[in-house]
Amino acid sequence: MSAEQKNGLTVIVLAAGGGTRMKSKTMKVLHPIGGRSMIGHVLTAAQALDPEQVVAVVGHQREAVGAHIHASFPDVVLAVQEEQHGTGHAVRMAVEAATQDGRSMTGTVVVAYGDTPLLRGESLRDFADEHEAAQRAVSILSGIVADPFGYGRVLRNDEGDVEAIVEEKDATPEQREVREINSGILAFDAGFLRSALPRIGNDNAKGEYYLTDTIAIAREDGLTVGAYAIDDVMQTEGVNDRVQLARIGAELNRRIVEGWMSEGVTVMDPATTWIDSDVVLGADVTILPGTQLLGATVVGEDAVVGPDSTLKDCEIGPGARVVRTHAELAVVGGEATVGPYSYLRPGTVLGARGKIGGFVETKNAVIGDGAKVPHLSYVGDAEIGEGTNIGAGTIFANYDGVNKHRTKVGKHARTASNNTFVAPIEIGDGAATGAGTVVRQDVPPGALAVSMGPQRNIEEWALRKRPGTAQASAAEIALAGRRDGDQGMAES
Ligand code: UD1
Ligand code: CA
C-alpha cells in the first residue's frame, strides 16, 4: 500500500446514541474506564492509523461529548446527528462534515463505535491494511462468537463469499444460527461509501438507516466485499450498561497488568491491582496487593508500591518504598520511603532518601533530600531543607482563617516533638526547637527556640482536688512508698 493511500485515511467514530441502559447523567462514552473515557480509548486507537482526519458523530449530550473530545483530541472533527436514525444516517452526517470547510475524504474510511474501550490501534491498522490490500469496496471486521444474539450476522453464499449483513431483528431463524457477527467496525473505499449512503433505505424492523446495508449494495454493484475475522473479539465489544462497564473494565485492567508483568514488573496479586492505561512502570518494580496506580503515574525502577495504596498522577523515584499511602500529584524521590498511612496531597515533593512516615499529611510541601517527617504531622505550604528532621506531631499551621502562609525550615534542622509552626515563619539552617514549642517568630540559624515557660509542680494537688478518686489513692500510695523509702534510706 502506498503512502498516499495511508494519508487519505478517515476514521469515523459513532457516538450519538443515548446509552440509556447506563441510567446515568453522564453520557455513556464519557464514562471513565482504565483511566480514560470510553471514547478516549477509541480515539487513541484511531491515532494508530495515522489518519488524515478523524470525525466523531455526536448527538445526545453533544455539548458535553464535544467539549470532552475537543479538550483531549483537538484535531477531531465533530459531526452532529440531531436525531439518531441509525448507523447509516450517522455516517452520512460524518461524511458531510468530512467534506466541508475545504476538507476532502479520499482513500479508506474506517467506521468504529465510541463505546469499545478494549479496541487496540494495531487491530485497526491490521484491518485497514487487509482491506486496502484486497482492494475491496467494503470490509467487515467480523468475529466468530458462541452467542451471536443481538449482533448483525455475516451472510455468506455457498462459495463462502460475503453477501450481506442481516440484523438480529430482521433475520430468519436460520440466519440467526450464523455465528459470524459484524463487530460494527467496517472499512470502505471512500468513493463507494459516498455513492452507497444515499441508497440506504429504512424499510426494516427498526425503521433505521443501517450502515450494514452497504454490503448488499456493493454486491449489487458487482464490487468486492469481504470479512476479516478478529481473533480477539472482546476488543470490539461495546459497553451498554454498568455490569458490562465493570466486566470490560476488569478485562482492560487484566490486559494492562499482564502487559506490565511481561515487561518485568512483579505484581503479587493481579486481581487487586489496578493500573490505568497511561501509567508507566520501570523494570523490577514490585506492586503489592490492593494497589491502584492511576492517571499519569510513573514509577521508577526497583520501587515497591503497596500494599493498599492509591497513587494518582504521581511520580515515584527509583528504589522508593510507598506503603499504605494515598497520594495525588505528588513526587517521591529515589529511595525515599512513604507510609504506612500517609496522605500526600498535590504539590508534595519528597527528596531522594527522604521520609514521610505514619499518619503524616502533606500538601504543597517541598521536603529536601534525606529530610524526614516521620510521625503524626501536617505539613502544608512548606519547604524543608535537606537532612532536616521534623519531630513527631508537628503541625505546620498554614491557615490564619483567611489566607494561607508559607513556612520555611532550613537544612539539617532538628525540631522537637509536638511543635506548631505558625506561618509565615522561617527556621534557619541547623536550628532546633524544644518539645511543645509554638514557633511564632523566625528562628535564626543554629538557635534553639523554646516557647514553654519553666515547669512548676503543685505538690499533692490530686490529693486535695480529687479526693476519693483512683487518681488520688494511686498518688497517696506512691507518696507513702516514697516516704517509707526515705526512712529506709535513713535507717541504713
Ligand atoms: C450495530 C450493527 C450490527 C453490529 C453491532 C455491533 C448496524 C445497523 N448494526 O448494531 O450489525 O453487529 O452494531 O455492536 O449498524 N449510533 C449513532 N447514531 C445512530 C445510531 C447509532 O451514532 O443513529 C451509534 C451508537 O451510539 C453506537 C453505534 O452507533 O455507538 C451502534 O449503534 P447501535 O444502535 O448500538 O447498533 P446495534 O443495534 O448494536
Ligand atoms: Ca450496540
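Quick caveat, the model's predicted, so the values are computed rather than measured. Whatever order the structure lists them in is the order used to number ligands and atoms, beginning at 1. Residue numbers start at 1 and run along the sequence shown.
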D302 and R321 ion-paired at < 4.0 Å: no

Output the list of atoms in ligand 1 that are nearer than 4.0 Å to some heavy atom of Y210, sorted by atom number. 8 (C)

Atoms of ligand 1 less than 4.0 Å from Q84 heavy atoms? 18 (N), 19 (C), 23 (O)

Give the atoms of ligand 1, by number and element, whose distance to some non-hydrogen atom of A90 is under 4.0 Å. 17 (C), 18 (N), 22 (O)

Partners meeting side chain to side chain donor-acceptor pair (under 3.5 Å) with R242 (sequence neighbours left out): S24

Which of the numbered atoms in ligand 1 are below 4.0 angstrom from a heavy atom of G152? 3 (C), 4 (C), 11 (O), 12 (O)

Tell me whether D278 is salt-bridged to R36, with the criterion being a basic N under 4.0 Å from an acidic carboxylate O. yes

As a check for students: among V58, V91, N182, identify the option with a heavy atom nearest to atom 5 (C) of ligand 1. N182

What part of Q81, side chain, backbone, both or neither, has a heavy atom within less than 4.0 angstrom of ligand 1? side chain

Within a distance under 4.0 Å of any heavy atom of A15, pick out the atoms of ligand 1 and give their elements. 22 (O)

Counting heavy atoms only, which of L14, V57, I12 comes nearest to atom 30 (O) of ligand 1? L14

Examine the proximity of ligand 1 to H89 and report which part, side chain or backbone, both or neither, has a heavy atom under 4.0 Å away. neither

Hey, is A16 touching ligand 1 through its side chain, its backbone, both or neither, going by heavy atoms under 4.0 Å? both

Could you note down all residue pairs passing salt bridge (Lys or Arg N to Asp or Glu O under 4.0 Å) where residues 216-230 supplies at least one of them, sequence neighbours left out? E163-R219, R199-D221

In plain terms, say whether E82 and R62 are close enough for a salt bridge, that is, a side-chain N and a carboxylate O under 4.0 Å apart. yes

Does Y151 reach ligand 1 with a nitrogen or oxygen that is under 3.5 Å from one of the ligand's nitrogen or oxygen atoms? no

Work out whether the distance between some heavy atom of T212 and some atom of ligand 1 is less than 4.0 Å. yes

Between R156 and E180, is there a side-chain N and carboxylate O pair less than 4.0 Å apart? yes

Any heavy atom of G238 closer to ligand 1 than 4.0 angstrom? no

Under 3.5 Å between any N/O of G17 and any N/O of ligand 1: does that happen in this structure? yes

Quick test of your reading of the structure: of K206, E83, H60, whose heavy atom lies closest to atom 38 (O) of ligand 1? K206

Please determine which of H60, R92, H89 meets the side-chain contact (heavy atoms from CB on, under 4.5 Å) test together with Q81. H89

Nearest non-hydrogen contact to atom 19 (C) of ligand 1 from the set G59, A94, G86 belongs to G86

Should E251 and R247 count as an ion pair when the cut-off is N to O under 4.0 Å? no

Rounded to the nearest 0.5 Å, what separates atom CD1 in I140 from atom NE2 in H131? 11.5 Å

Please assess S37 against H68 for the test side-chain hydrogen bond (donor to acceptor under 3.5 Å, both in side chains), listing each intermediate value before the final yes or no. CA-CA 9 Å; S37 67; H68 168 75; 2.7 Å; yes

Within a distance under 4.0 Å of any heavy atom of H85, pick out the atoms of ligand 1 and give their elements. 23 (O)

So the atoms of ligand 1 within less than 4.0 Å of a heavy atom of E167 turn out to be 2 (C), 3 (C), 7 (C), 8 (C), 9 (N), 10 (O), 11 (O)

From CD1 (I316) to CG (L311), nearest 0.5 Å: 5.0 Å

